[in-house]
Amino acid sequence: MAAVLKGDPVYIMGRTARESRRLTVQAHAYEPATRRILERAGIQPGMRVLDIGSGAGDVAMLAAGMVGPTGAVVGIDRNATILELARKRVTQAGLDNVEFFASDMRDLPPLGPFDAVIGRLTLMYVADPVEAVRALLHHLKPGGVVAFAEFNLVGDSFATWPSLPLWGRMWNIFKRLPEGTGIELAMGWKLRATLAAAGLTDVRLSLESPLMPASNGMPAFILAEVIRSVLPLVVRCGIATEDEVDIDTLEERLQAEAVPAGAIIKLPELVGAWARAV
Ligand SMILES: C[S@@+](CC[C@H](N)C(=O)[O-])C[C@H]1O[C@@H](n2cnc3c(N)ncnc32)[C@H](O)[C@@H]1O
């Protein structure tokens with residue numbers, strides 16, 4: 001099985017324990033929005049669901065709760081290491097209707113057919129998302145549910161009130177990552193066209209941004225850890241120097257700026273798109 005198909009960008013985020021923790025904190029922030037997308041898409045008890053790019057397993061576990069004991073979830077990810085964490089978390093949660101396989105989403109073994117194919121924050125990492133969705137549709141029953149959720153990491157998708165200079169500088173660093181570095185920053189905006197080009201009709205859309213006070217600590221942790229993950233690339237591309245970022249004190253400085261200001265943070269927009277296969 002091909003681990004990485006030709007022309008794929010490199011997965012730029014790191015694969016450290018810290019990043020795994022960032023994924024689970026981030027997943028917590030986006031859990032309500034993701035649940036609403038899956039509900040509106042039609043995920044129901046008894047369904048057999050394929051979750052692509054499962055990472056630490058958060059979406060697979062959410063879906064497992066929704067399909068219940070009469071349903072099942074199969075999660076796949078091309079990173080076998082993070083799946084070990086996902087399996088551990090599933091066991092800790094006492095779920096016995098979820099299993100994970102290491103595989104590329106475009107080259108899956110015959111694990112289906114499935115009632116639904118879902119995925120969050122994963123099409124943004126493949127070179128050709130249309131080709132990926134087309135390949136996934138082969139694993140779906142006729143009339144099956146397709147539901148994806150992806151970030152907008154462009155424009156004012158992320159914001160603070162009041163405006164906070166350090167937070168603004170860090171968001172701008174992320175936004176200036178050049179094309180071709182392994183992440184489609186506008187994947188949320190492109191989701192509808194991607195699903196339509198893969199042959200799906202009547203694609204429904206939603207958009208949500210978690211809004212929270214900086215005082216709960218989650219936004220500063222997420223922003224600092226995202227910057228940490230991409231820092232080597234940021235430095236290589238000449239966007240900022242290590243001294244300018246000072247990564248080991250960044251989370252603390254973000255908090256020191258935001259909390260006394262009573263700031264509210266709007267985390268990046270998550271676009272949901274869903275449809276039924278013909
Ligand atoms: C940002 S994480 C998202 C994890 C999870 N879906 C969530 O929302 O918490 C993206 C995941 O997609 C996986 N991924 C990227 N490209 C993939 C591919 N072509 N096939 C399978 N998994 C892939 C990465 O290994 C990573 O674990």
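Both ligands and their constituent atoms are indexed starting at 1 by order of listing. This structure is a prediction, so every number in the text was calculated from the model and none was measured. Note: hydrogens, waters and symmetry copies are ignored here, and every other heavy atom, side chains too, is used.
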Worksheet entry | Partners passing side-chain contact (heavy atoms from CB on, under 4.5 Å) against V278 (at least two apart in sequence or in another chain) | none

Worksheet entry | Whether R106 lies under 4.0 Å from ligand 1, heavy atom | yes

Fill in: Residue V126 vicinity, atoms of ligand 1 by number, heavy atom under 4.0 Å
19 (N)

Item to complete: From atom 20 (N) of ligand 1, work out which of H28, M61, M105 has a heavy atom at the shortest distance.
Response: M105

Practice prompt. May I ask you to check if ligand 1 and G53 share an N or O to N or O distance below 3.5 Å?
Written response: yes

Discussion item. Please check if the number of heavy atoms outside W189 that lie under 6.0 Å from its CH2 is greater than 12.
Written reply: no

Worksheet item: Could an N or O of ligand 1 be found under 3.5 Å from any N or O of D58, whether backbone or side chain?
Response: no

Fill in: Steps toward salt bridge (charged side-chain N to carboxylate O under 4.0 Å, His left out) verdict (D115, K141)
CA-CA 6 Å; D115 300 301; K141 292 180 189 165; 2.9 Å; yes

Fill in: Greater than 12 external heavy atoms within 6.0 Å of R204's CZ
no

Worksheet item: Taking the non-hydrogen atoms of S103, is any one of them nearer than 4.0 angstrom to ligand 1?
Response: yes

Discussion item. Parallel, tilted or perpendicular, judged at 30° and 60°: which one describes the rings of F158 and W171?
Written reply: tilted

Worksheet item: Taking both backbone and side-chain atoms of Y125, is any N or O found less than 3.5 Å from an N or O belonging to ligand 1?
Response: no

Worksheet item: Would you say ligand 1 has an N or O under 3.5 Å from any N or O of I76?
Response: no

Practice prompt. Mark yes when over 12 heavy atoms from residues, nucleotides or ligands other than R87 sit less than 6.0 Å from its CZ; otherwise mark no.
Written response: yes

Item to complete: Considering the heavy atoms of L121, write down every atom of ligand 1 situated less than 4.0 Å from one of them.
Response: 1 (C), 2 (S), 3 (C), 10 (C)

Fill in: Test applied, side-chain contact (heavy atoms from CB on, under 4.5 Å); reference residue, D58; option that passes from R89, E31, Q26, H28
R89

Worksheet item: Which part of A56 is near ligand 1, with near meaning a heavy atom under 4.0 Å away: side chain, backbone, both or neither?
Response: neither

Practice prompt. For N79, counting its heavy atoms only, list the atoms of ligand 1 lying under 4.0 Å from any of them.
Written response: 25 (O)

Worksheet item: Do R228 and E225 sit within salt-bridge range, that is, some charged N less than 4.0 Å from a carboxylate O?
Response: yes

